[in-house]
Amino acid sequence: MDVRDTFVLDGHIVDSLILPKVLDLVLDAGCDYELIDVEIGRSPTDTSRAVLQVTAPDEATLAAVAEQLRVQGANPATVDDATTHPAPADGVAPADFCATTNLDTEVRIGGRWVPADRAEMDCVLVVGADERVTTTPLHRIRSGDRVVVGAAGVRVRPADRPRAAAGFEFMDSEVSSEKPKATQLRALAGRMRAVRDEGGSILVVAGPVVIHTGGGPPLARLVRAGWVQTLFAGNGFATHDVESAVMGTSLGVSVASGQGTEGGHSNHLRVINEVRRHGSIAAAVASGWLTDGVMHALVTTGVPFVLGGSVRDDGPLPDTITDVVATADRMRDEVAGVRLALMLASTLHAVATGNVLPAAVETFCVDINPSVVTKLGDRGSHQAHGIVTDVGPFLALLADELGA
Amino acid sequence: MPAGDLTWGRRFLCCAPVHFGVVYEINPWMHAEVAVDVDRARAQWETLVATLRAAGAVVETIEQPEGVPDLVFTANAGIVSGERFVPSHFRHPPRRPETEVFATWFARHGFSVERLPDDAVHEGAGDALPFGADRSGGRPVLLSGYRYRSEATAAVPIGAATGAVVRPIELVDERLYHLDLTFCPLDERRAMAAPLGWDRYGIRVVEELVPEPLWLSDEEALAFTANSVVVGTTIVMPHVPPAVGRRLEAWGFDPVAVDVGEFLKAGGACRCLTLALDVDLRAG
């Protein structure tokens, strides 16, 4: 387990070669450093100042390096404990609350750095009576909760690059349709294998276009072969998946022939009505009415799914959660353990999922429209890699590549 | 540049060895079982002071009270800059009482006494010698040794108190525990330098700073050759190694050996027994 500490070095540290010496010492000890802040004096009277964060493989190495750095005049940065103020009311944070990012966060309490329970952007940090730190969305705050205010005593750990990052460098440039799809596909499959081998979970976020473009059957294959541990979608995805499984159409259009069908415009409503009659998708599967498709695969393999409703939904399906706050809370519960997220032709659910995902989760966004990846990045999910392609055929190739 | 153009080294503070002796061991040269010949020490000190005066220096003296045997090593009193005196904060407890003795003398002699922060550890001119100027701004550079007796962090308050650009270099040989055992400014371009005492970073710093270094061999360094006092063109040395003497003479200096053998028993030589009072580290 890597351990970190921050050191401050003052003086004419450039001319005296103390700064390069300190950096060499850190590397020679098998540690790594990040220069958090360097102020080089502009005139000879000005001294310079460097703040460096040292990462060591263990506490003993860190202590040994700290002793060496102390001799060179680099002292651990004195950091005050975080300040907390009580929440004035349920669902209300005190003014000046510290807003979280999606990076792993630690809070200084009683001279110790305590890691927050999880990383989620746009939340507050609540310090419990047991001094545990909980990343809390505004609506979950209870009156009197000790909420961290200001930036003092709070630090974030920069996201670690995935160990196989080298293979992904081509994905880190601008999102573009002009990328070799086969290479991207193989690289994605490689990451999915690596995550599964290490016991991590894979989350799929799917939009209805997956079904419209014929991606339903390969996605169902991936679910059945154990490549999906959680699925987030909306009422539309589930509806069209069930529609295509039961009636062979998606929004009334034959999935096999691409032709419109007589009275097809109401197919999805009739499907919703049947599921409502059964009481749930699981009940529809149990009765033998629903025998195929992605939702069927999820129910029969026991993979959890969260269907988030929206104001334009038809029906909705009984499984669709119509309270958006409750939906987000369900999603929060399900992302624990997720190491890789696959956003498939979904804009709104992808952004919603990005909001609750730690930055450390490898995120791949497959969409024919490059703007979805940009949108995710603009909303803070900078870890997202984009694969600009038609999702249906891509899923078929991915399922083949993974032997699903 | 002619030899003898060092801007300081005409006025010194010395302390006659009245209560001198090796009564504790804080460097590898000190052995409490080795007795100091008090009379011989006094005679050696008198010769040193007479030699400095003969070279043209003014020597002022401070009285040695009992209980501070190392007060004779006035180089460790502190750092002088113009009318300002920054007293040392000693690493080892037996030397700490010296601070107030020196501070009192300087206050009585018209200096303003500028204190270091309590947690700063630095042993004065023993670990800080001026040489040249900063390239960009022409401000005096104070080369400062750290590790055994002084701490690198003291560089910042010393720079603030004196006005000098302080360049700390690490001392890496415990036998050369003070900077003044490894470095001796000779004039504006030249200095004796003992690389044995420094790591590769320190050597590079000195190479950058000193246009014409006189590199001392390890044997010369361990014989305290660098612990010499420069008074114009006269260089008062604990001994003169032949190669060093020839080089100094070729540069126009006059090396003079003064036996300070009794003081070597405490790990100090000529420079340690003097503190230049005419150093000015303010720009200009």
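Computed over heavy atoms, backbone and side chain alike; hydrogens, waters and symmetry mates excluded. A note on names: the letters A, B, ... follow the listed sequences, proteins ahead of strands, and every chain is numbered from 1.
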Which answer fits B:Glu151, side chain, backbone, both or neither, if we ask what part of it has an atom under 4.5 Å from a heavy atom of chain A?
side chain

State the CD-CG distance between B:Glu208 and A:Leu17, to the nearest 0.5 angstrom.
8.0 Å

Within the supplied structure, the quantity of interest is the number of heavy atoms (other residues, nucleotides, ligands) at a distance under 6.0 Å from A:Asp28 CG; does it exceed 12?
yes

Between B:Ile169, B:Leu209, B:Thr153, which has the largest tally of heavy atom pairs under 4.5 Å with chain A?
B:Thr153

Pairs of heavy atoms under 4.5 Å with chain B: top-ranked of A:Gly73, A:Ser16, A:Pro20:
A:Ser16

Over 12 non-hydrogen atoms of neighbours within 6.0 angstrom of CZ in A:Arg118
yes

Flag yes if more than 12 heavy atoms outside A:Arg142 fall under 6.0 Å of its CZ atom; otherwise flag no.
yes

Can you tell me if A:Arg49 has over 12 outside heavy atoms packed within less than 6.0 Å of its CZ?
no

For B:Ala152 versus A:Val71, what's the shortest heavy-atom pair and its separation?
CB-O, 3.6 Å

If you count every heavy atom of other residues, nucleotides or ligands that lies below 6.0 Å from B:Asp278 atom CG, does the total exceed 12?
yes

Which of residues 192-201 of chain B have a heavy atom under 4.5 Å from any heavy atom of chain A?
B:Asp199, B:Arg200, B:Tyr201

Can you tell me how far apart CZ (B:Arg139) and NE2 (A:His12) are? Round to the nearest 0.5 Å.
8.5 Å

